[in-house]
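Numbering starts at 1 and runs along the sequence shown. The figures here come from the full heavy-atom set of this structure, side chains too, leaving out hydrogens, waters and symmetry mates.
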Amino acid sequence: MAGLTWAEDGHATDAEVQEFLAGDDVFLDRELFLFDIRATEAHARGLGRIGILTEAEVSAMTTELEALRRDFRNGSFVLDARHEDGHSAIEAHLTSRLGETGKRVHTGRSRNDQVQVAIRLYLQDRLRTLGTTCVAIAEAMLTRAEADGAMAMPGYTHLQRAVPSNVGLWLGSFAEAFTDDAAFAVSTKEWLASCPLGTSAGYGVNLPLDREGVARDLGLPRLQVNPMYVQNSRGKFELAALGALAQALFDVRRFAWDLSLFTSAEFAFVGLPSAYVTGSSLMPNKKNPDVVELLRAAAATVIGAQVEVMSALSLPSGYHRDLQVTKAPLLRAMRQGLAALSLVARLVRDFTLNASRMREAITKEMFATDHATDLAKSGMPFRDAYRAVAKELGSLAGDGIEESLAARVSPGATADLRLAELRARLSATRALLGNGDLHAAT
């Protein structure tokens, strides 16, 4: 490990202790490194505006930081165990290239606010990705609902056949769910869009830092004002982002459960292309819906990350090294959760529907609610109608599927799916996400 930025001359370090303190932090920082570089550029420009750095020094720093960004992207610079963490690697690079000028970059900041702003920029990027991915899933659901929505299928409660339904109602439910998930990602992103840089270790800095200018430079619309709150919010903001990711993955889990049932031989409503299944190592007859099952499990990683982060937050005010352990679960959950979500829109576009099998599964007793409602419309109290129909289940007519679906005229039901309304809401949410791309900017 390179010289520790905080170590005094002659300071003796214990290798085993240092390995424990560092953990995997430097490797985790690979996902934050470009955001850290971007924040360092903004900080250097801010120091220039208050006269701590000269114009020439700011120019030299930004040139070297751009070179470091380029070298990291092309692999000629590797963030590895030679460095204590990504922050130290940036400072070491600037010092090696610019000498005394490089040593001045840390003026007015701490690694505490440095990691906070890198994570904040990272979360802005990932929440935008979450939002756009949920929009793509909702779009795929709507398109299938519009194309195949008239296909009849059984509606279930308690996994028991309940009433006739259709594909439009089933897929429309997920279109609306993922539209809401996208909107939640947008609102969470906006809630987190505050700049912690310039609060140092949690008690402010005896310099007139241009915090507002740095925030604008980073595309963050407001300051996180109180320095102590900046430190106290570590983990809190991560939990908010994980919560937005979890909401989307809970809907993925429910959809994957439906597909797990509907692709089984017992249902056979849905078919999966070969790209989404695997063979058994033992049974030649088996095709396993492994992609669907792993999508169903994806929420577990996020739930685990939430528990890990919450477990570390039983702390008094201020920074504590315990907070270091919140980084790994956050990055792991975001990486794996977004990877799972990225497959869903494709899956929705690619699966096939067995219209005849779904229609055959609608049996005559499933029209009981229709008959009871018809009696209620004619003036019979519904509870009496319910009992009358219950006594005659064996003699109910069961061949009016289209009539049943057409009679369901309440807003959002099978005869009034309001897919155009859902599409308008989706378009509005897409517009909120905008065209910016923080990740590209890094």
Validation row: [X], [Y] side chains within 4.5 angstrom (heavy atoms):
| X | Y | answer |
| --- | --- | --- |
| Val292 | Leu272 | yes |
| Phe178 | Cys134 | yes |
| Leu197 | Arg211 | no |
| Ile119 | Arg234 | yes |
| Leu331 | Leu32 | yes |
| Arg49 | Val58 | no |
| Gln124 | Leu220 | yes |
| Val105 | Ile90 | no |

Shortest non-hydrogen separation from [X] to [Y] and the atoms involved:
| X | Y | result |
| --- | --- | --- |
| Ala185 | Leu127 | CB-O, 3.8 Å |
| Asp29 | Gly86 | OD2-N, 2.8 Å |
| Val309 | Pro329 | CG2-CG, 4.1 Å |
| Asn112 | Ser200 | CB-O, 3.8 Å |
| Ala312 | Val325 | CB-CG2, 3.8 Å |
| Phe33 | Ala89 | CE1-CB, 4.3 Å |

(request) Let me see the working for Lys377 and Asp374 under salt bridge (charged side-chain N to carboxylate O under 4.0 Å, His left out), right down to the final yes or no. (result) CA-CA 5 Å; Lys377 285 192 294 186; Asp374 287 341; 3.5 Å; yes
Testing the 3.5 Å rule here: is there a donor-acceptor pair between the side chains of [X] and [Y]?
| X | Y | answer |
| --- | --- | --- |
| Arg109 | Thr40 | yes |
| Thr352 | Asn354 | no |
| Arg425 | Thr429 | no |

(message) Run the side-chain contact (heavy atoms from CB on, under 4.5 Å) test on Met358 and Val167 for me, step by step, so that the C-alpha distance in whole Å, both residues' side-chain angles and the decisive distance to 0.1 Å come before the verdict.
(response) CA-CA 10 Å; Met358 290 189 293; Val167 169; 3.8 Å; yes
Could you tell me whether a side-chain N or O of [X] sits under 3.5 Å from a main-chain N or O of [Y], the two making a donor and an acceptor?
| X | Y | value |
| --- | --- | --- |
| Glu238 | Thr326 | no |
| Thr143 | Ala140 | no |
| Thr414 | Leu405 | yes |
| Asp180 | Ala177 | no |
| Arg253 | Ala298 | no |
| Arg128 | Lys189 | no |
| Asp71 | Ser76 | no |

(request) Check the pair Arg38, Glu41 against salt bridge (charged side-chain N to carboxylate O under 4.0 Å, His left out), reporting the backbone distance first and the verdict last. (result) CA-CA 5 Å; Arg38 186 163 179 251; Glu41 288 175 324; over 6 Å; no
Can you tell me how far the [atom1] atom of [X] sits from the [atom2] atom of [Y], to the nearest 0.5 Å?
| X | Y | atom1 | atom2 | result |
| --- | --- | --- | --- | --- |
| Arg120 | Leu192 | CZ | CG | 6.5 Å |
| Arg254 | Leu259 | CZ | CG | 13.5 Å |
| Arg349 | Ile137 | CZ | CD1 | 10.0 Å |

(request) Return each pair, listed once, that meets ring pair (Phe, Tyr, Trp, His ring centres under 6.0 Å) where at least one residue sits in residues 269-326; pairs must be two or more places apart or across chains. (result)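 Found Phe262-Phe269, Phe267-Phe269.
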(request) Keeping to residues at least two apart or across chains, list the ring pair (Phe, Tyr, Trp, His ring centres under 6.0 Å) pairs with something in residues 215-246. (result)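 Residue pairs passing ring pair (Phe, Tyr, Trp, His ring centres under 6.0 Å), neighbours aside: Trp191-Phe237.
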(message) Other residues, nucleotides and ligands only: do more than 12 of their heavy atoms fall within 6.0 Å of CZ on Arg332?
(response)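 Yes, CZ of Arg332 has more than 12 neighbouring heavy atoms, counting only those of other groups under 6.0 Å.
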(request) Please name all residues satisfying salt bridge (Lys or Arg N to Asp or Glu O under 4.0 Å) with Arg161, sequence neighbours left out, ordered by chain then number. (result)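 Expected list: none.
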(message) Check Glu360 with Arg357, please: is the shortest side-chain N to carboxylate O separation under 4.0 Å?
(response)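 No, no charged N to carboxylate O under 4.0 Å.
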(request) Give the intermediate values and the outcome of side-chain contact (heavy atoms from CB on, under 4.5 Å) for residues Leu422 and Met141. (result) CA-CA 11 Å; Leu422 295 182; Met141 294 287 187; over 6 Å; no
(request) Report the C-alpha separation of Ser404 and Arg408 in whole Å, then their side-chain angles, then the decisive distance to 0.1 Å, and conclude whether the side-chain hydrogen bond (donor to acceptor under 3.5 Å, both in side chains) test is met. (result) CA-CA 7 Å; Ser404 174; Arg408 213 88 45 77; 3.0 Å; yes
(message) A cation-pi test, strictly: NZ or CZ of Arg383 under 6.0 Å from the centre of the six-membered ring of Tyr386 and no more than 45 degrees from its axis. Yes or no?
(response)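 Yes, Arg383 lies over the aromatic ring of Tyr386.
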(request) Carefully, step by step, assess His371 and Glu392 under the rule side-chain contact (heavy atoms from CB on, under 4.5 Å). (result) CA-CA 10 Å; His371 288 293; Glu392 304 295 334; over 6 Å; no
(message) Please evaluate residues Arg222 and Glu190 with respect to the criterion salt bridge (charged side-chain N to carboxylate O under 4.0 Å, His left out), reporting the C-alpha separation (whole Å), side-chain torsions for both, the decisive distance (0.1 Å), and the verdict.
(response) CA-CA 10 Å; Arg222 67 184 186 279; Glu190 290 175 351; over 6 Å; no
(request) Report the C-alpha distance between Ser88 and Asp85 in whole Å, list the side-chain angles of each, state the deciding distance to 0.1 Å, and finish with yes or no for side-chain hydrogen bond (donor to acceptor under 3.5 Å, both in side chains). (result) CA-CA 5 Å; Ser88 302; Asp85 51 36; 2.8 Å; yes
(request) Dump the intermediate steps for side-chain hydrogen bond (donor to acceptor under 3.5 Å, both in side chains) on Gln224 and Thr199, then the final yes or no. (result) CA-CA 9 Å; Gln224 191 174 4; Thr199 58; over 6 Å; no
(request) Please step through side-chain contact (heavy atoms from CB on, under 4.5 Å) for the pair Leu123 and Phe35, ending with a clear verdict. (result) CA-CA 10 Å; Leu123 290 177; Phe35 300 102; over 6 Å; no
(request) Please work out whether the ring planes of Phe255 and Phe174 are parallel, tilted or perpendicular, with thresholds of 30° and 60°. (result)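 Ring orientation of Phe255 relative to Phe174: perpendicular.
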